[in-house]
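Throughout, a chain's letter reflects where its sequence line sits, starting with A, and its residues are numbered from 1.
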Amino acid sequence: MERARLTIESRALHRRIAEVEDADTWVCRPHAPGEIGAALRGRELSTVHRLGKSMWVETGGGPALGLHLGMTGVILIDEEPHPGVWDRFALGFEDGGRLALRDRRRLGRAVLEPDLSNLGPDAGEIGREEFRRRVGRGSAPLKARLMDQGVLAGVGNLLADEALWRAGLHPLRVAGEVSDAELDRLRRALRRTIRDAIRKGGAHTGRLIPHRTPGGACPSCGTALERATVGGRTTWWCPAEQR
DNA sequence: ACCTATGTTGATAC
DNA sequence: GGTATCAACATAGG
């Protein structure tokens, strides 16, 4: 999502919106077709922000446009519409260019004035004390706690596996029983993981990620990785190094 | 054909 | 209230 934000920041700001493709009522829910268009036509994108996996674009006095990529969404600027039907939402600019949300699975969202009140602080920015307070509590598995967007915004399945592996912490540990020293270690690993992911282009660039597959081994010690469902998501970890 | 998987998240049930 | 489960989407692969 930070990649998408930077793309918009560098290539789409200060361009005037001439038309809006908002006919997909699933991706644009709860808006009716034409509603986003009516609100944004004639506006210019002024600034773009991100909190965790959510992004919003301010439109110089108009309503903010919230964008979410779901699992398969990507932001494209000035690209031709895909031959298929994967462009679920788009802004057409006065200069002839275009900003598109291309999303095969349609789990992404485009919405006016997005509600961000259920999100915790950004996972890459949170301080030590608040991280301890928010993550180190409850009876849920540590990984589930990490991925709870109300606790911490921005950690998805891959990032969680990668950060826990780097920190040497078992995903099934009870969150409330993790020590402060371990939480500090986890926060540092998570920060590093997020920065690396942003720099390299995504959470899939992590070191553990390529090995999250049947027969995969820990890239550090060679032990066969274990797999289970944790927090509803497929989870891989090294039984030798993560405790 | 049927079942599984997926860089997510919301509504719902216990 | 916190936690777990299922459903929403579309596609690919065994």
Student: A:Gly202 near the nucleic acid: base, sugar-phosphate alone, or nothing, with a heavy-atom cut-off under 4.0 Å?
Tutor: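 Here A:Gly202 touches the bases of the nucleic acid.
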Student: Side chain of A:Pro141, heavy atoms from C-beta onward: which of C:dA4, B:dG7, C:dA10 has the nearest atom to it?
Tutor: C:dA4
Student: Just how far, in rounded Å, is C1' of C:dC9 from NE2 of A:His68?
Tutor: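 Those two atoms, NE2 and C1', are 14 Å apart.
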Student: For the CD1 atom of A:Ile75 and the CE atom of A:Met55, what is their distance to the nearest 0.5 Å?
Tutor: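 Output value for this atom pair is 4.5 Å.
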Student: Does a side-chain N or O of A:Lys53 approach OP1 or OP2 of B:dT9 to a distance below 4.0 Å, or not?
Tutor: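 For B:dT9, OP1/OP2 do have a side-chain N/O of A:Lys53 under 4.0 Å.
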Student: Does a side-chain N or O of A:Trp86 approach OP1 or OP2 of C:dT11 to a distance below 4.0 Å, or not?
Tutor: yes
Student: Take A:Ser54 and A:Thr229, find for each the nucleotide of DNA chain B with the closest heavy atom, and name the residue whose nucleotide sits nearer the 5' end.
Tutor: A:Thr229
Student: Nearest whole angstrom, please: distance from the P of B:dT8 to the CG of A:Leu101.
Tutor: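 In whole Å, B:dT8 P and A:Leu101 CG are 15 Å from each other.
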Student: Within the 4.0 Å heavy-atom criterion, would you say A:Arg233 contacts the bases, only the backbone, or no part of the nucleic acid?
Tutor: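 Base: the residue A:Arg233, judged by heavy atoms under 4.0 Å, touches a nucleobase.
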Student: What nucleotide, of B:dT6, C:dT3, B:dG7, holds the atom closest to the side chain of A:Leu158?
Tutor: B:dG7
Student: What stems, by residue range, does DNA chain B take part in, given at least 3 consecutive Watson-Crick or G-U pairs under 3.5 Å?
Tutor: B:2-6 with C:10-14, B:8-14 with C:2-8
Student: Where the side chain of A:Arg145 is concerned, which of C:dT3, B:dT8, C:dT11 is the nearest nucleotide?
Tutor: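 Among the listed nucleotides, the one closest to the side chain of A:Arg145 is C:dT3.
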Student: Rounded to the Å, how far apart are A:Leu208 CG and B:dG7 P?
Tutor: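 Distance, rounded to whole Å: 13 Å.
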Student: Quick one: the side chain of A:Arg105 and the base of B:dT6, do they pair up donor-acceptor inside 3.5 Å?
Tutor: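 Yes, the side chain and the base share a sub-3.5 Å donor-acceptor pair.
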Student: Group every Ile, Leu, Val, Met, Phe, Trp and Tyr by side-chain heavy-atom contacts under 4.5 Å, then state whether A:Leu67 and A:Phe93 land in the same group.
Tutor: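 Per the 4.5 Å side-chain linkage, A:Leu67 and A:Phe93 are co-clustered.
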Student: Among the candidates B:dA5, C:dC9, B:dG7, find the nucleotide nearest to the side-chain atoms of A:Arg227.
Tutor: B:dA5
Student: Quick check: are there more than 12 heavy atoms from other residues, nucleotides or ligands sitting under 6.0 Å from CZ of A:Arg188?
Tutor: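 No - once you tally the heavy atoms of other residues, nucleotides and ligands closer than 6.0 Å, there are 12 at most.
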